Each structure stands twice: as C-alpha cells, then as structure tokens.
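Remarks on the structure that follows.
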Amino acid sequence: MSEKVTLNCAGCAKTQTLRPRKVEKCDRYFCGHCDFRPPLAPEGQVSSVTNGAAGGFRGYRHETPDAEMLAALGRARVLRDAGLKRIGALN
Ligand SMILES: [Zn+2]
C-alpha cells in the first residue's frame, strides 16, 4: 500500500488525492474551475503554470528565470508582438 497526499485548491474547497510521485513540485495548486488565478510573479521572477501538475489540478510557481528561459521569453515576445501587429493591436 502506498501513501497518498491530499492537495487543496488555492481558490475553493476542492481537493485532489494522489501519490506523491504523481505531483509536480509547484508553489500552489488550483483546480482551474473556480475563480482562483495565480498571483503575478514578483519583480525579477516569472510565473509558470503547469497543467496537470497534480492529477486534474494545475500548479503554479514563481521562479527566477535562467539565461535559457530569458532567451525563450524574448523569442515569445517577438512572436506575440508580430501577432498583435498583424491584427492591428500594435502600431
Ligand atoms: Zn478551485
């Protein structure tokens, strides 16, 4: 018999019970069906959300981006801005 952990949604009363090895380490977990939205990351950090971090729950964590992540964010901004420009949302 293996032990299980029960996680609470950060925004409502829902819980998720599962084996610890099925849980991806995050700051907090939320069900995705209530009003909870992850808070903005503090200055200098980025927020990442993992779908299915713990069964049906999502998880978020705030982390300091490394060089690789900063480069990926830079590429994503270029794509976003190109898309916004295309639909006329950016001048
Ligand atoms: Zn919830």
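As the structure is a prediction and not an experimental result, all values here were calculated from the model. When a residue number appears, it is its place in the shown sequence, counting from 1.
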Query raised in the report: With a cut-off of 6.0 Å (strictly less than), are more than 12 heavy atoms of other residues, nucleotides or ligands near CG of L40?
Result: no

Report summary line: Between P39 and S47 the two heavy atoms that sit nearest each other are O-OG, 4.2 Å

Query raised in the report: Ignoring hydrogens and geometry, is there a side-chain-to-backbone donor-acceptor pair from D27 to H62 under 3.5 Å?
Result: yes

Query raised in the report: Side-chain donor-acceptor pair under 3.5 Å between E63 and S48, yes or no?
Result: yes

Query raised in the report: How many angstroms lie between NZ in K22 and OG1 in T17, if you round to the nearest 0.5 Å?
Result: 14.5 Å

Query raised in the report: Has the side chain of E3 got a donor or acceptor atom that lies under 3.5 Å from a matching backbone atom of R19?
Result: no

Report summary line: CG (N8) and CZ (R28) are apart, to the nearest 0.5 Å, by 9.0 Å

Query raised in the report: Where is the tightest heavy-atom contact between G59 and A53, given as atom of each residue plus distance?
Result: N-CB, 3.6 Å

Query raised in the report: Are V5 and Y29 connected in a single hydrophobic cluster, I mean Ile/Leu/Val/Met/Phe/Trp/Tyr linked by side-chain heavy atoms less than 4.5 Å apart?
Result: yes

Query raised in the report: Can you tell if the side chain of K4 reaches within under 4.5 Å of the side chain of L18, non-hydrogen atoms only?
Result: no

Query raised in the report: Can you tell if the side chain of P38 reaches within under 4.5 Å of the side chain of V49, non-hydrogen atoms only?
Result: yes

Query raised in the report: Are V46 and Y60 connected in the hydrophobic side-chain network, where two residues link if heavy atoms are under 4.5 Å apart?
Result: no

Query raised in the report: Within a radius of less than 6.0 Å around CG of N51, do more than 12 heavy atoms belonging to other residues, nucleotides or ligands occur?
Result: yes

Report task. Kindly say whether K25 contributes a backbone atom to a donor-acceptor pair with the side chain of R61 at under 3.5 angstrom? Result -> yes

Report task. Taking the side chain as every heavy atom from C-beta outward, state whether K14 and F57 have any atom pair closer than 4.5 Å. Result -> yes

Query raised in the report: What distance do C31 atom SG and L7 atom CG have between them, rounded to the nearest 0.5 Å?
Result: 12.5 Å

